[in-house]
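Please read the structure below before turning to the comments.
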Amino acid sequence: MYFLQRLLVLASALVLSIVVHQEKLAMVYNKQYSIRLIPLVFSLLLLLVACSSIDTLPKPTPISRPVGTLAPGNGGGTARIALACAPDPAQHKADICVSNLDGSGLRRLTSGSGPNVSPAWSPDGKRLVFRAADADVFEASDIWLMNADGSGKTNLTKDKQSNWGATWAPDGKHILFNSAHDGGIPHLYLMNPDGSGLMRLCPHANLWEEYPGWSPDGTKIAFMSNVGFSSWVIYVMNADCSGLRQLTHGPGEDGGPRWSPDGKKIAFTSDRTGQAEVYLMNMDGSQQTRLTTSPKATSFNGPDWSPDGTKLLYLHSLPNGGEIWIMNADGSGQTKLMDAYGFGDSPVWQP
């Protein structure tokens with residue numbers, strides 16, 4: 001390639017020299033011989049530019065995208081997502097990023113020594129809460145808040161005592177999360193968006209309460225809990241802690257419940273088949289259906305609904321990385337969107 005480029009440079013210089021000479025002759029004899037050579041000059045120059053670009057332009061990685069899947073507004077909201085990404089995969093550290101659905105416009109919002117994961121949008125799409133963990137001890141983590149552009153970062157819990165699983169009340173007035181800051185098993189806590197008014201949601205509960213999901217009408221809360229030492233299941237209760245019911249029964253681990261925007265379905269992750277997959281069930285626990293089938297040594301997990309309820313975002317966890325995928329709510333049209341960070345973390349769709 002280098003020698004071809006050099007040859008074209010010499011050829012272009014020769015033709016330009018001829019043109020200049022012909023121009024001088026044309027001025028004397030009032031003839032236009034040089035006009036015939038101008039197209040040749042431009043052709044050689046264009047060929048030179050094309051050849052010189054072959055080795056310098058990045059080669060895009062093709063990704064199959066069904067027609068219409070990634071059109072703005074298809075799925076509702078802004079067609080943008082927040083996710084835990086790895087701008088420098090060699091460091092094995094995640095940060096909160098935002099991007100368009102197709103992976104374009106990726107922008108990192110956080111930085112620091114430890115991983116930042118588990119973003120959750122406020123109902124108006126203007127703010128994000130996330131988990132900021134310690135670089136050496138992941139469980140030493142706090143819940144942070146920031147604006148959608150990454151400004152105004154604020155530590156809401158300030159104790160580094162295993163705070164995670166944050167989500168918003170549907171009216172945006174409270175943040176629900178789980179914490180083990182009392183030294184025992186995780187329980188659900190409420191606080192205001194500025195970190196004030198911290199209180200345990202169900203002070204008399206004895207269950208392990210983790211990764212909550214709030215129903216769209218604000219009346220119910222789903223969460224995962226352990227049964228014995230080998231199984232994790234999903235419970236649902238009223239927002240005032242009454243009416244506790246077990247929705248799944250294992251075996252294995254069921255968790256990460258996320259309500260559909262109409263409140264009729266719950267998407268969740270389960271490894272009951274031996275590998276984590278995305279499942280769907282009715283709000284009462286009936287008709288539990290597996291939507292994905294992951295290749296060996298990988299998993300599909302962390303589903304999140306599109307604002308209009310027609311699609312699900314989810315994570316494909318790989319041995320040394322991760323990918324963000326999208327599918328229709330019935331499990332069809334499963335498509336990779338972009339590379340991400342393999343942390344078992346859920347991407348979330350901006351309202």
Side-chain angles (χ1 to χ4, degrees), residues 82-85 93-98 108-214 218 221-226 237 239 241 255-258 302 304 341 343-348:
L83 64 152
C85 67
K93 189 187 80 66
D95 277 308
I96 305 300
C97 294
V98 292
R108 184 172 63 171
L109 301 184
T110 64
S111 61
S113 59
N116 300 295
V117 296
S118 303
W121 291 103
S122 60
D124 61 7
K126 295 181 178 180
R127 292 177 291 178
L128 281 161
V129 290
F130 62 97
R131 179 183 188 179
D134 186 89
D136 298 318
V137 183
F138 182 74
E139 288 74 15
S141 55
D142 280 313
I143 304 298
W144 284 65
L145 175 75
M146 64 180 170
N147 296 321
D149 62 1
S151 64
K153 295 181 182 66
T154 306
N155 188 343
L156 301 182
T157 51
K158 301 177 182 177
D159 60 16
K160 287 192 174 183
Q161 294 295 317
S162 296
N163 305 288
W164 71 96
T167 189
W168 292 78
D171 60 7
K173 294 182 178 179
H174 295 93
I175 294 171
L176 178 66
F177 66 104
N178 54 260
S179 176
H181 77 267
D182 60 1
I185 63 176
H187 292 297
L188 297 179
Y189 287 81
L190 275 177
M191 62 181 170
N192 298 322
D194 62 0
S196 65
L198 179 67
M199 60 175 288
R200 186 174 165 189
L201 180 63
C202 306
H204 303 296
N206 295 318
L207 284 174
W208 184 298
E209 302 163 334
E210 190 175 7
Y211 289 109
W214 215 317
I221 293 171
F223 62 95
M224 64 181 290
S225 182
N226 65 328
M237 64 183 176
C241 302
R258 288 294 177 264
D304 184 68
Y341 184 73
F343 207 83
D345 201 47
S346 175
V348 286

For the [atom1] atom of [X] and the [atom2] atom of [Y], what is their distance to the nearest 0.5 Å?
X	Y	atom1	atom2	value
S122	N147	OG	CG	9.0 Å
E139	D134	CD	CG	10.0 Å
S179	L188	OG	CG	10.0 Å
L109	S151	CG	OG	9.5 Å
S111	K93	OG	NZ	6.5 Å
N226	M224	CG	CE	8.5 Å

[Y] side chain reached by [X] side chain, heavy atoms, under 4.5 Å:
X	Y	answer
N192	I175	no
W164	N178	yes
N116	R131	no
Y189	M199	no
S196	M191	no
V129	W168	yes
L156	K158	no
V117	F138	yes

Between M237 and L201, does a side-chain contact (heavy atoms from CB on, under 4.5 Å) hold up when you go through it step by step? CA-CA 12 Å; M237 64 183 176; L201 180 63; 3.9 Å; yes

Which is it for T167 and F177 under the side-chain contact (heavy atoms from CB on, under 4.5 Å) test, yes or no, and what are the steps along the way? CA-CA 6 Å; T167 189; F177 66 104; over 6 Å; no

So, K160 and D142, do they make that salt bridge, N to O below 4.0 Å?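 Salt bridge absent between K160 and D142.
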
[X] to [Y] - nearest heavy-atom pair and separation:
X	Y	value
P347	G302	CD-O, 3.8 Å
L128	P119	CD2-CB, 4.1 Å
P203	R200	O-NH1, 3.4 Å
G165	P212	O-CD, 3.3 Å
L145	P193	CD2-O, 3.3 Å
A135	P115	CA-CD, 4.4 Å

Under the side-chain contact (heavy atoms from CB on, under 4.5 Å) rule, what do I185 and E210 come out as? Steps first, then yes or no, please. CA-CA 9 Å; I185 63 176; E210 190 175 7; over 6 Å; no

Short side-chain donor-acceptor distance under 3.5 Å, D304 and S346: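 No donor-acceptor contact under 3.5 Å links the two side chains.
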
Side-chain H-bond candidate by donor/acceptor type, S141 with N163, under 3.5 Å: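 The answer is no; no qualifying pair exists.
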
Take H187 and W208 through the test side-chain contact (heavy atoms from CB on, under 4.5 Å) and record every step on the way to the result. CA-CA 6 Å; H187 292 297; W208 184 298; over 6 Å; no

I143 and side-chain contact (heavy atoms from CB on, under 4.5 Å): which single residue from T157, N155, T154 fits?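 Going through the options one by one, the only one that passes is T157.
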
Whether the side chain of W214 engages the backbone of G218 through a donor-acceptor N/O pair (distance < 3.5 Å, no angle test) should be reported.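 It does hold such a pair.
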
Output every pair passing disulfide bond (SG atoms under 2.5 Å apart) with a member in residues 134-166, not counting sequence neighbours, ordered by first then second residue.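 Every pair satisfying disulfide bond (SG atoms under 2.5 Å apart) with a residue in residues 134-166: there are none.
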
May I ask you to check whether over 12 heavy atoms, not counting those of D124, lie within 6.0 Å of atom CG?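 Yes - once you tally the heavy atoms of other residues, nucleotides and ligands closer than 6.0 Å, there are more than 12.
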
